[in-house]
Amino acid sequence: MVAFPLALWWLCVYVTNSYGRVDFPAILFHFQAGVTDHGGTGRILIAIVHTLAGIAMLAAFTWLVRVDHRWRLLEKVLVMFLLAFNPLLFGITRQGAAIVTEDGAWLDRRYIPPAIEAAPDNPPNLVLLYLESIEGTYADEARFGNVYDDIEALGQRGLVFHGVRQIENTGWTMGGMIASQCGTPLMPAGLIHDNQFEPLHHVVPGVNCLGDLLDAQGYQLMFMGGASLQFAGKGLFYQGHGFDRMLGREQLEKRLEDPAYVNSWGVNDDSLLDMAVDEIRELAETPNRSPSSG
C-alpha cells in the first residue's frame, strides 16, 4: 500500500536534490526529449543511492508492519501524508487542472508571431550569449562583492531591461531558449496526449523562431554549447530552425588542450567562451561572407 507513494516521494527527493525546485512540465518535456548525457556518472550514482535508500525504507517499514500490527494504523496515515505533501503530485494535479479549465486557445490569443519589420542593406552580425543563473541580484555588493562589475559596465554601454518576469514553461534551459527566440513558452505534451512519452522528432515545429527569420535573410547560423546536443532536444531545436552548424560537447571536447578539463555536463564555460571568440574571429576574417549569428 505504501510502496507507490514512497517511490514517488523518493523520486521527488532525488529531483529536488539534483535540480532544485520540482517543475512538472520540465520533467514531462525531458522524459520526451531525452535525458541522454544528463550530467555524467555522478548523477547516476546519486540516483542509485536514492533508489537504495527508498528500498531500504520500504523494507524497514514492511518489516515493522508485519512484526507489530500497531504500525498498520500508521501505514494509512503515512500514505496520506506522502500523497498530500508531495510537490510532484501537486504539479501533476495543477497540470491536469489546467488542461480541464483552459479552453486550449489561451496561447493563440496572446501569441504574436516574430517578424523582422525592417532590415538594413548591410545586415549586422549578431552574437547571442546565454548566461544561465546570472542576474542583477549579483550587483548587491554587500552580499556578492564586485563579481557583477564587468557585466554592469557592459550594461552602461547598452540597453538593459528591468522588471522582466518569466511565465510557466520558460524556467529551464530549453524553455528559456525557446521563449527568447520563438516568443512562446515551451509546451510539453499534456497528460491526456497519447504520444506524450514518444521520442521527440521536432521541437516547436511550425513556429517561426529567430533562427528561421535570420536564415531567410541569408545569415549563416551557428550554435555552440558546452553540454551534449542530445540532451533535452537541443540539437533537434537548432537543426529544425535554420541553423547550419551545431557544436556541443561531442564536437568541442576534441578542441581542448587539456581533455580532462571538463565537468559532468561537458565543456567548461571559460573554454567555451574562448572557442566562441576564435569562431567569431575566423568568421570576421572570411572574405565575401554572409552575415553571421551564433
Other than L159, what residues sit in its cluster of Ile, Leu, Val, Met, Phe, Trp and Tyr side chains whose heavy atoms are under 4.5 Å apart, directly or through others? F161, V164
Donor on one side chain, acceptor on other, S228 and Q230, under 3.5 Å: no
Not counting sequence neighbours, list each pair that qualifies as a side-chain hydrogen bond (donor to acceptor under 3.5 Å, both in side chains) and has a residue in residues 267-276. Y261-D270, N263-N268
Just to verify, what does L252 make a side chain to side chain contact (heavy atoms under 4.5 Å, CB included) with, not counting sequence neighbours? M224, L247, R255, V267, L272, M275
Could I get the full list of ring-ring contact (aromatic ring centres under 6.0 Å, His included) partners for Y148, not counting sequence neighbours? none
Residue pairs fulfilling side-chain hydrogen bond (donor to acceptor under 3.5 Å, both in side chains) with at least one residue in residues 149-164, sequence neighbours excluded: none
Taking only residues two or more places apart in sequence, or in another chain, which ones meet D140 in a side chain to side chain donor-acceptor pair (under 3.5 Å)? R143
R165: what forms a side chain to side chain contact (heavy atoms under 4.5 Å, CB included) with it, not counting sequence neighbours? none
May I have all residue pairs that pass salt bridge (charged side-chain N to carboxylate O under 4.0 Å, His left out) and include part of residues 238-247, sequence neighbours excluded? R245-E279
Non-hydrogen atoms of M174 and G233 that approach each other most closely: CE-O, 4.0 Å
Partners meeting ring-ring contact (aromatic ring centres under 6.0 Å, His included) with F237 (sequence neighbours left out): H241
For S133, the side chain to side chain contact (heavy atoms under 4.5 Å, CB included) test, sequence neighbours excluded, returns none
Side chain to side chain contact (heavy atoms under 4.5 Å, CB included) involving A153 - partner list, sequence neighbours excluded: none
Salt bridge (Lys or Arg N to Asp or Glu O under 4.0 Å) involving E141 - partner list, sequence neighbours excluded: none
I want to check something: taking the side chain as every heavy atom from C-beta on, are M177 and F223 in contact at a cut-off of under 4.5 Å? yes
